[in-house]
Amino acid sequence: MMSALRRSLPRIPSVWKPVRSQQTWTPIRHFSGSPIPRASWGFVGLGQMGYPMARNLRAKIPATDSMTIYDINESATSQFVEEANGAGAGASVTIAKSLQDVSRDSDTVITMLPQPKHVQAVYEEFIAGGLDNTTPRLFIDCSTIDVKTSLEVGSAIRVLGHDFVDAPVSGGVVGATAATLTFMLGASNAVVGKAQPILEKMGKRVIHMGEPGTGIVGKLANNYLLAMNNLATAEAMNFGIKLGLDAKTLASLINCSTGKCWPSEVNNPVPGVIEGAPSSRGYQGGFGVSLMAKDLKLAIAAAELADAKLVLAEPAQKLYEGAEAHDDCKGRDFSVVYKYLQVADK
Ligand code: NAD
């Protein structure tokens, strides 16, 4: 499937060259007068997801290892170092002065960034810093981005003799905090054994989807389905309630019938149906409506690469983008589309 995908991709810009060789990865070990080998870790993007992921990673690596972190938001990095120092034990953490310092100083680098343009800019910096291949490194991108950018960045890293895998996640901030994330791994068989134990420090499940790029495809397919289930649940609950049904009774019926899905059962969009769900606390927290609008856009772009028809995509995208822009809905959990059905066009 990925070869079909690659054939349909536009020409790769000259800065991103195709894969020529696959080199065996071994961690860079630093010996500083100590008999214990020291591994070095880099983490870029300490936002809602990256911060708790980096915290879990640090907690599970040997105290003799070192960790270098970087984020354009300096308060995130200084808070992380403060917390790490406060914890006493554990690997030492340093704030990198630049992205180039992260890639130069780390044998494994994990990136968790918002959008394709951020991932592209960060990896361009890594490459501009000079990645000598006498010490092959492993780069793991956990961001949810588009297939094309991920393949291009991966090729550009691999041609320099390093490994790159795509490993987007599912499980949200709760899963990132509890280290229960599911990783969808796109990696050649030779690299799976290196990436998997690292991802298991931050999550519960690692599903190897196939070659590079397939982790992203899996993530986007899942989130497309989630976007539709969420919207369909909101519409079904809305018209049922408007026709006189009690919200909790309707949700109970759906949840023991064939319409049951995660948005109906766990993240029901109607306030008061599920205690603790974002809808029952003013749609605060959870998975932002803007992230869902972004993922839907990326899924549509991925489907276009393979000429796969998505008949539900256009009206759903319009609705999510409408909710994202509406004063009563922006910045809220994506289940706020239920509220948007009430407030739109008013
Ligand atoms: P976020 O916006 O909270 O964090 C992103 C971090 O990246 C920020 O701290 C930002 O300052 C930093 N950053 C941006 N550009 C940078 C650069 N050039 N160099 C260094 N740092 C930079 O986003 P998030 O919620 O943590 O999401 C990260 C990724 O995970 C996204 O791709 C998102 O779609 C995906 N994701 C999010 C969730 C969720 O529930 N939030 C769930 C699954 C997947």
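Order of listing sets the numbers, starting from 1, for every ligand and every atom in it.
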N/O to N/O below 3.5 Å, does that happen between [X] and ligand 1?
X      : value
Val122 : no
Leu113 : yes
Gln48  : yes
Pro114 : yes
Thr144 : yes
Lys219 : no

inquiry  = Is a donor from one side chain sitting under 3.5 angstrom from an acceptor on the other, for Glu83 and Gln79?
reply    = no

Atom indices of ligand 1, in the order listed, that fall short of 4.0 Å to a heavy atom of [X]:
X      : value
Val44  : 20 (C)
Gly172 : 40 (O), 42 (C)
Gly45  : 7 (O)
Tyr70  : 19 (N), 20 (C)
Leu46  : 9 (O)

Mode of [X] contact toward ligand 1 - side chain, backbone, both, neither (heavy atoms, under 4.0 Å):
X      : answer
Met49  : both
Lys294 : side chain
Ile72  : both

task = Nearest heavy atom to atom 8 (C) of ligand 1 wins, so pick from Asp141, Asp333, Asp71.
result =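 That would be Asp71.
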
ask   = Pick one: which of Val147, Thr149, Thr144 meets side-chain contact (heavy atoms from CB on, under 4.5 Å) with Pro116?
value = Thr149

inquiry  = Strictly less than 4.0 Å: does any protein heavy-atom distance to atom 26 (O) of ligand 1 fall in that range?
reply    = yes

request  = Please work out whether the ring planes of Phe334 and Phe287 are parallel, tilted or perpendicular, with thresholds of 30° and 60°.
outcome  =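 Ring orientation, 0 to 90° scale: perpendicular.
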
request  = Please find out if less than 6.0 Å separates the ring center of Tyr123 from that of Phe164.
outcome  =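 Ring centroids of Tyr123 and Phe164 are less than 6.0 Å from each other.
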
